[in-house]
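Report on the structure given below.
Keep in mind that the numbers below use all heavy atoms, side chains included, and drop hydrogens, waters and symmetry copies. Below, chain A is the first sequence line, B the second, and so on; all start at residue 1. Source: prediction; values computed, not measured.
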Protein chains: 2
Amino acid sequence: MLPSSTVENYLKALHQAETSREDKALVPMGQLATAVGVAPGTATTMVKALADSGLVEYEPYVGVRLSSAGAKLAALVLRRHRLIEQFLVEIVGMSWAEVHEDAEQLEHVVSDRLIERMDAMLGHPAVDPHGDPIPTPDGTVAAPDYHSLLTCPLHIAVTVTRVTDQDANFLRFLEKQDLKPGHSLEVEARDSAADSVQLRTSAGHQITIGTQAASKVLIEVS
Amino acid sequence: MLPSSTVENYLKALHQAETSREDKALVPMGQLATAVGVAPGTATTMVKALADSGLVEYEPYVGVRLSSAGAKLAALVLRRHRLIEQFLVEIVGMSWAEVHEDAEQLEHVVSDRLIERMDAMLGHPAVDPHGDPIPTPDGTVAAPDYHSLLTCPLHIAVTVTRVTDQDANFLRFLEKQDLKPGHSLEVEARDSAADSVQLRTSAGHQITIGTQAASKVLIEVS
DNA sequence: AGTCGCGTTTTGACAACTCAAAATATAGAA
DNA sequence: TTCTATATTTTGAGTTGTCAAAACGCGACT
Ligand SMILES: [Mn+2]
Ligand SMILES: [Mn+2]
Ligand SMILES: [Mn+2]
Ligand SMILES: [Mn+2]
């Protein structure tokens, strides 16, 4: 039985929730429900079904976690999603700000044949347009990033490697400010009272953004 | 309310059935059910719902026909299907024999944005890899073809323009015999007793095919 | 006119997914 | 320990799409 789009969406949401979580605690039902965009009771019902299929481990009143089978399936959905995004940007010429919505639908219907063809055309890329790592065909996902503009050292050159938000307006803003993955900059100051982070791009432009935004721009020291 | 994949499939099947039908008689339920791959009763139920939505005209015990609204919707689905096939062959480099299955799924999820981008990349093609006409964005479909290898005059040069069958093996066979759209040949003889048609390709090869197959290869005099 | 056969429709049931709202569990405050 | 706020689960119901099989309509043939 191949999983329905619905099942794939639950597994993917669960994977994302688990990844953006320091501890390895179970994901609470409410969070999953919100992520999938469904009423709490609906998530409970669905999770019980997923547990019966062996795709998740479920502890009533505590939360859910992907089983290894579920994690592998989620990784394959993520692989399709990200390869599609890379394809739409590199081959079709769409903007990195608008490909997410299309990928969200296409990820459930592209055949293995087509996805591997895309992968080959793109030269087996390691990351998608947002810097998100592309899982391998066997379901292995590369390790996550470490620092963001909110946590990295001040006054040293860093390179944007990944943006963990898909909002089109935010992505367009970053593009306009030369903050797409690959661009260099340094953090000049942080002001917790003002809730802001002050940046200087390699072109010399000075930009101030909020801490919420800063935490979504991941970097590596360059 | 945007139509579901299911509705799109019914409308498309109906469009095909109406097109491959000399008279403008209603399409019988049984034929529609077979085309969609569903039990007869299921088709009846669905058609009544479609009639309530104004997408078809339904006469109990007689058959169904697309309304103008339904015809337009069907044409848009067909447009997406055929542009996707052309894209997969021209840009992605897939075989004309294998793109139909992928297009069958993708046609229901590609966004307008993406489909128009593909259309532009392809230079606004008039036909897909099988020679099927691509409807315009407003739902206009070009006129059909006239002759096939079964009905055209003997001993004159003709060019293959369209193949009205999506079976991968058949398509691969045609490709191997230089009978893809664009290739020239002439019909040397027909033998109704043997149920066969004898061809000679422009390269001089002689091929004999059955009348069923011959009727699916449409041509124009060249 | 009467009967037969075949296609069509109806019926009853089911699977997958969803929601609103009532019931309940659990953890933390009093 | 008892109460209470909040998250979770349960319940009852609805939607969409499907099937098998019984019932039915209709044209064809006697
Ligand atoms: Mn995305
Ligand atoms: Mn991405
Ligand atoms: Mn096709
Ligand atoms: Mn085609």
Sidechain N-carboxylate O distance under 4.0 Å for [X], [Y]:
X      : Y      : result
B/K12  : B/E107 : yes
A/E220 : A/R162 : no
A/R117 : B/E98  : no
A/D138 : A/K72  : no
B/R80  : B/E85  : no

Checklist line | Nucleotide range of DNA chain D lying under 4.0 Å from chain B heavy atoms | finding: D/dG17 to D/dG25

Item checked: Nearest non-hydrogen partners of A/M121 and B/I91, listed with the distance -> CE-O, 3.3 Å

Margin query: Can you give me the closest heavy-atom contact between B/T151 and B/R190, atom names plus distance?
Written below: N-NH2, 3.6 Å

Check: Any donor-acceptor pair under 3.5 Å linking the side chain of B/S67 with the backbone of B/G54?
Finding: yes

Next item on the list: Using atom types as modelled and distance alone, determine if a side-chain donor or acceptor of A/H108 lies under 3.5 Å from a backbone N or O of A/E104.
Entry: yes

Notebook entry, point to check: Do any side-chain nitrogens or oxygens of A/T42 fall under 4.0 Å of OP1 or OP2 in C/dC17?
Noted result: no

Check: Between B/Y58 and C/dT8, is there a side-chain N or O to OP1/OP2 distance below 4.0 Å?
Finding: no

Checklist line | Euclidean distance, atom OH of residue A/Y61 to atom P of C/dG28 [Å, nearest integer] | finding: 17 Å

Check: Expressed in angstrom and rounded to an integer, what is the separation of A/L50 atom CG from C/dC17 atom P?
Finding: 9 Å

Item checked: Contact residues, residues 23-32 of chain B to DNA chain C [heavy atom, < 4.0 Å] -> B/P28, B/M29, B/G30

Margin query: Under 4.0 Å, heavy atom to any atom of DNA chain C: which of residues 5-12 of chain A qualify?
Written below: A/T6, A/Y10

Item checked: Earlier contact from the 5' end, DNA chain C, for A/V36 and A/G41 -> A/V36

Item checked: Spatial distance of atom OG1 (A/T211) from atom CG (A/D195) [nearest 0.5 Å] -> 3.5 Å

Next item on the list: Measure the spacing between CG of A/D132 and CD of A/Q86 and express it to the nearest 0.5 Å.
Entry: 10.5 Å

